[in-house]
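Please read the structure below before turning to the comments.
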Amino acid sequence: LQYYLNRGLARYHLKDYAGVVADLTKVIGTSEASAKVHLMLGLSQSKTKQYAEAIAQLTQAENKGEKGSDLFLERGLAYYHTKEPQQALEDLKKALKSGSKDGEAAFILGNLYFQNEQYQEAIGAYDNGISWGKESDVLYNNRGKALYFVEKYPDAIRDYTKALQLNPN
C-alpha cells in the first residue's frame, strides 16, 4: 500500500489526477489513509469531475483536521457542479477568506450572490475575479447586471461595453 500512496502523491504533483485516483483509492480504508490522502484524493476527484466522490473525500479530510483553502475551494466547486448552491457558497467564502485567489471561484461566488439577489457582494466577488486574472466577457456582463440592479448605470454600461470588446458576437 505504501507504494500506491507514494506513487499517487507523486502523480498529484505531475497533475496526473486519474492516476492519483487509481492509486489513492487503494489506500482509502487502511491505516495509511491520513487527512492528506483524503485531501489529495478529493482534489483529484474534483479535477476529474467525480464531484460527489470529491465532496465525500474532502469532508473526510476536513474531519481529520485538514483546513486549507484548496479543500474549501475544490469542495465548493464540487458543490456548485452538483447543484448544491448553499454549500458551495459557504465553502467558496471559506476558501477566499483563507487566502485563495482563484478567479474562477470568485466568478462562481459572484454568480451565487447574484442568484441570492446580494448584488453588492456579487460585485465584490466579480471585482476579485477580474483582479485575479479571470477576465472574460461573461464576468464583465454579470458584473454589469449586478451594477445595473444597484442602479450604477454608468458602471454597468462600462462593463457591458468591455464584455462586447472581449466578445463582439
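- Put simply, the residue from Lys49, Lys47, Lys94 that forms a salt bridge (Lys or Arg N to Asp or Glu O under 4.0 Å) with Glu74 is Lys47.
- Nearest heavy atom pair, residue Ala146 against residue Ala122, reads CB-CB, 4.3 Å.
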Given the rule in the side-chain contact (heavy atoms from CB on, under 4.5 Å) test, do Tyr126 and Leu109 qualify, once you have shown the distances and angles that lead to the verdict?
CA-CA 8 Å; Tyr126 294 139; Leu109 187 59; over 6 Å; no

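- Heavy-atom minimum distance, Ala52 versus Thr82: N-CG2, 4.3 Å.
- Between the side chains of Asn141 and Asp159, no donor N or O sits under 3.5 Å from an acceptor N or O.
- Residues Ile123 and Asp127 meet the side-chain proximity criterion, which asks for heavy atoms closer than 4.5 Å.
- Side-chain contact, Gln2 with Asn6: a donor N or O sits under 3.5 Å from an acceptor N or O.
- For the atom pair CG of Asp91 and OG of Ser69, the computed distance is 11.5 Å after rounding to the nearest 0.5 Å.
- The side-chain heavy atoms of Gln45 and Gln57, taken from C-beta on, include a pair separated by under 4.5 Å.
- Here the straight-line distance linking atom CD1 of Ile108 with atom CG of Leu77 works out to 5.0 Å at 0.5 Å rounding.
- Residue pairs meeting the side chain to side chain donor-acceptor pair (under 3.5 Å) criterion with at least one partner in residues 144-156, sequence neighbours excluded, are Asp155-Arg158.
- Put simply, CG on Leu39 and CZ on Arg75 are 11.0 Å apart, with the number rounded to the nearest 0.5 Å.
- Ring-centre distance between Phe114 and Phe149: below the 6.0 Å cut-off.
- When all heavy atoms of Ser136 and Leu166 are compared, the pair lying nearest together is C-CD1, 3.7 Å.
- With Thr161 contributing its side chain and Ile157 its backbone, the two residues share a donor-acceptor pair below 3.5 Å.
- At least one side-chain heavy atom of Glu84 sits less than 4.5 Å from a side-chain heavy atom of Ile55.
- The list of ring-ring contact (aromatic ring centres under 6.0 Å, His included) pairs with a residue in residues 52-100, not counting sequence neighbours, reads Tyr51-His81.
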Walk me through it: do Leu96 and Trp132 pass the test side-chain contact (heavy atoms from CB on, under 4.5 Å)?
CA-CA 12 Å; Leu96 297 178; Trp132 296 336; 3.5 Å; yes

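- Within the 4.5 Å cutoff, the side chain of Tyr140 has heavy atoms near those of the Ile130 side chain.
- Between atom CD1 of residue Ile28 and atom NE2 of residue His38 there is a gap of 4.0 Å, rounded to the nearest 0.5 Å.
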Output side-chain donor-acceptor pairs under 3.5 Å for residues 14-24, partner residues at least two apart or in another chain, one line each.
residue : atom : partner : partner atom : Å
Asp16   : OD1  : Gly19   : N            : 3.0
Asp16   : OD2  : Arg11   : NE           : 3.3
Asp23   : OD1  : Arg7    : NE           : 3.3
Asp23   : OD1  : Arg7    : NH2          : 2.7
Asp23   : OD2  : Arg7    : NE           : 2.8
Asp23   : OD2  : Gly8    : N            : 3.4
Asp23   : OD2  : Arg11   : NH1          : 3.2

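- Here the straight-line distance linking atom CG of Leu58 with atom CG of Leu71 works out to 5.0 Å at 0.5 Å rounding.
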